Amino acid sequence: MLRIAVPNKGSLSGPAAEMLHEAGYQQRRESKELRIVDPENEVEFFYLRPRDIAIYVSSGKLDIGITGRDLLIDSGASAETILPLGFARSTFRFAGKPGTAAGIADLAGKTVATSYEGIVAKHLADNGIDASVVHLDGAVETAIELGVAEVIADVVETGTSLRNAGLEVFGDPIMKSEAVVIRRVGAEADEPKVQQFLRRLQGVLVARTYVMMDYDCRVEQLEKAVALTPGLESPTVSPLHNEGWVAVRAMVPSKEAQRIMDDLYDIGARAILTTAIHACRL
């Protein structure tokens with residue numbers, strides 16, 4: 001069986017379980033379950049702390065895992081990203097009291113508190129900055145108020161908690177993160193079960209990104225219509241019973257669907273419909 005590590009809690013857990021369910025995999029019914037077997041798909045899921053997943057995967061005990069790019073890099077584990085998943089996006093940044101620093105060059109000689117010591121230490125070293133890094137678990141906003149550090153480095157989503165603590169971000173982002181599928185460095189790239197798993201997740205990503213659009217148009221307007229809805233390879237075009245009309249079907253980006261419908265209507269297309277895509281293979 002393919003052995004897969006899945007986040008057991010936090011912002012990664014729910015979206016990961018939802019994506020796996022959409023991909024046709026059985027998921028746990030209770031949060032206390034640490035392991036389930038999906039015999040029909042020949043997969044075994046292990047629910048682990050997101051921060052530990054890269055370690056388990058790099059050890060070879062588990063084949064692949066879902067975790068955050070930030071957690072993968074911070075772990076220093078011998079694992080690599082094989083598929084970005086597009087959820088749990090975040091930005092990792094420095095923050096401090098107003099006027100503390102304007103950029104990374106101002107951190108020389110200062111102390112930085114963070115829960116991601118590996119990421120911060122590497123970023124400082126890569127930029128030639130000699131600064132101290134203090135590791136703290138959990139929220140780090142109070143580190144400055146309590147005098148543990150002059151600066152913090154943390155995940156920033158809305159920035160509300162930082163502002164509430166009287167802090168502001170500065171400098172360029174340290175890194176951008178999102179959920180990713182990872183495997184051990186040096187693992188077999190074309191392992192069939194892994195490739196099948198990736199195809200299923202890619203199918204979910206495509207299904208979430210596109211909708212199916214159907215419409216009728218006159219033959220003389222077909223080229224203009226097809227230019228608006230080129231599809232992935234090309235649209236399906238079928239003659240209608242009424243002479244001079246055709247039915248067209250194509251996948252279109254969901255974010256652009258309303259604009260495309262307006263444009264199609266303007267050139268004379270009618271009976272324009274969009275439907276959700278629940279699964280896909282390209």
Side-chain angles (χ1 to χ4, degrees), residues 5 7 10-12 16 48-59 65-186:
S11 60
L12 291 165
L48 306 170
R49 289 178 67 238
R51 188 171 284 275
D52 296 337
I53 287 175
I55 303 298
Y56 281 103
V57 172
S58 68
S59 73
I66 296 175
T67 189
R69 180 180 288 118
D70 53 351
L71 297 174
L72 166 63
I73 295 174
D74 190 61
S75 71
S78 182
E80 61 185 356
T81 297
I82 54 175
L83 180 67
L85 297 177
F87 64 84
R89 288 191 172 102
S90 61
T91 304
F92 198 64
R93 304 196 67 166
F94 291 113
K97 292 286 187 182
T100 300
I104 191 171
D106 298 325
L107 298 184
K110 289 184 168 56
T111 300
V112 182
T114 184
S115 299
Y116 298 81
E117 185 178 1
I119 292 175
V120 175
K122 182 179 185 303
H123 185 68
L124 291 170
D126 289 345
N127 285 275
I129 304 300
D130 184 12
S132 299
V133 180
V134 175
H135 177 81
L136 296 176
D137 286 322
V140 297
E141 290 89 346
T142 57
I144 296 176
E145 181 180 351
L146 296 177
V148 174
E150 295 101 325
V151 173
I152 66 170
D154 203 7
V155 172
V156 178
E157 294 180 356
T158 64
T160 301
S161 60
L162 292 177
R163 288 191 293 272
N164 290 340
L167 307 178
E168 64 179 15
V169 298
F170 62 85
D172 296 327
I174 300 169
M175 69 168 295
K176 293 183 180 294
S177 182
E178 67 179 302
V180 294
V181 180
I182 65 171
R183 69 177 175 197
R184 178 176 55 85
V185 172

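Small disclaimer: the values here were computed from a predicted structure and weren't measured.
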Q: Has Asp106 got a side-chain atom pairing as donor or acceptor with Ala102's backbone, closer than 3.5 angstrom?
A: yes
Q: For Asp154, enumerate each residue passing the side-chain hydrogen bond (donor to acceptor under 3.5 Å, both in side chains) test, keeping only those at least two apart in sequence or located in another chain.
A: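 Applying side-chain hydrogen bond (donor to acceptor under 3.5 Å, both in side chains) to Asp154 gives none.
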Q: Any chance you could measure Ser90, atom OG, to Met175, atom CE, to the nearest 0.5 Å?
A: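 Rounded to the nearest 0.5 Å, the OG-CE separation comes out at 7.5 Å.
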Q: Indicate yes or no: at least one non-hydrogen side-chain atom of Ile152 is less than 4.5 angstrom from one of Ile144.
A: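 Yes, at least one pair of side-chain atoms sits under 4.5 Å.
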Q: Do Tyr116 and Ile73 come within less than 4.5 Å of each other through their side chains, counting heavy atoms only?
A: no
Q: Which pair of non-hydrogen atoms, one from Gly65 and one from Val57, has the smallest distance, and what is that distance?
A: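 Result for this residue pair: N-CG2, 3.8 Å.
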Q: Assess the residue pair Thr100 and Val151 against the criterion (side-chain contact (heavy atoms from CB on, under 4.5 Å)); give the C-alpha distance rounded to whole Å, side-chain angles, the decisive distance to 0.1 Å, and a yes or no.
A: CA-CA 8 Å; Thr100 300; Val151 173; 3.9 Å; yes
Q: Looking only at heavy atoms, what is the nearest atom pair of Ile182 and Ala54, with distance?
A: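 Taking every non-hydrogen atom into account, CD1-CA, 3.6 Å.
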Q: If you count every heavy atom of other residues, nucleotides or ligands that lies below 6.0 Å from Asp172 atom CG, does the total exceed 12?
A: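 No - once you tally the heavy atoms of other residues, nucleotides and ligands closer than 6.0 Å, there are 12 at most.
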Q: Within the distance-only criterion (no hydrogens, no angle test), does the side chain of Thr67 pair as donor or acceptor with the backbone N or O of Pro50 below 3.5 angstrom?
A: yes
Q: Can a salt bridge be assigned to the pair Arg183 and Glu80 using a cut-off of 4.0 Å between side-chain N and carboxylate O?
A: yes
Q: Heavy-atom count around Asp130 CG within 6.0 Å, excluding the residue itself: above 12?
A: no
Q: Could you measure the distance from the CD1 atom of Ile104 to the CD1 atom of Ile129? Nearest 0.5 Å is fine.
A: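 It is 5.5 Å, given to the nearest 0.5 Å.
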Q: Which pair of non-hydrogen atoms, one from Asp74 and one from Glu117, has the smallest distance, and what is that distance?
A: OD1-N, 3.3 Å
Q: Could you tell me which residues satisfy ring-ring contact (aromatic ring centres under 6.0 Å, His included) with Tyr56, sequence neighbours excluded, listed by chain and number?
A: none
Q: Using the six-membered ring wherever Trp is involved, compare the ring planes of Phe94 and His123 and label them parallel, tilted or perpendicular (cut-offs 30° and 60°).
A: tilted
Q: Rounded to the nearest 0.5 Å, what separation is found between the CD1 atom of Ile174 and the OG1 atom of Thr91?
A: 10.5 Å
Q: Is it the case that the side chain of Ser58 and the backbone of Ala77 share a donor-acceptor pair, with hydrogens and angles ignored and the cut-off at 3.5 Å?
A: no
Q: Ignoring hydrogens and geometry, is there a side-chain-to-backbone donor-acceptor pair from Glu141 to Leu162 under 3.5 Å?
A: no
Q: For the residue pair Leu12 and Gly68, what are the closest heavy atoms and their distance?
A: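 Reported closest heavy-atom pair: CD1-N, 3.6 Å.
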Q: Please check this pair: side chain of Ser115 against backbone of Leu136, looking for a donor-acceptor N/O pair closer than 3.5 Å.
A: yes
Q: Nearest 0.5 Å please: distance from the CD1 atom of Ile66 over to the CZ atom of Phe87.
A: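 Reported to 0.5 Å precision, the distance equals 6.0 Å.
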Q: Could you state the interatomic distance from CZ (Arg89) to CD (Glu178), rounded to the nearest 0.5 Å?
A: 5.0 Å
Q: On a heavy-atom basis, which atom in Gly166 and which in Lys97 lie closest, and how many Å separate them?
A: O-CD, 3.7 Å
Q: In Å, rounded to the nearest 0.5 Å, how long is the span from NZ of Lys110 to OG of Ser132?
A: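 Atom-to-atom, Lys110:NZ and Ser132:OG are 11.5 Å apart.
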Q: Check step by step if side-chain contact (heavy atoms from CB on, under 4.5 Å) holds for Thr114 and Ile119.
A: CA-CA 9 Å; Thr114 184; Ile119 292 175; over 6 Å; no
Q: In chain order, what residues pass the side-chain hydrogen bond (donor to acceptor under 3.5 Å, both in side chains) check against Arg49, with sequence neighbours excluded?
A: Asp52
Q: Could you please spell out the steps behind the side-chain contact (heavy atoms from CB on, under 4.5 Å) verdict for Val148 and Thr111?
A: CA-CA 8 Å; Val148 174; Thr111 300; 5.9 Å; no
Q: Show the nearest heavy-atom pair for residues Val120 and Ala153, with the distance to one decimal.
A: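 Smallest heavy-atom distance, with atoms named: CG2-CB, 3.6 Å.
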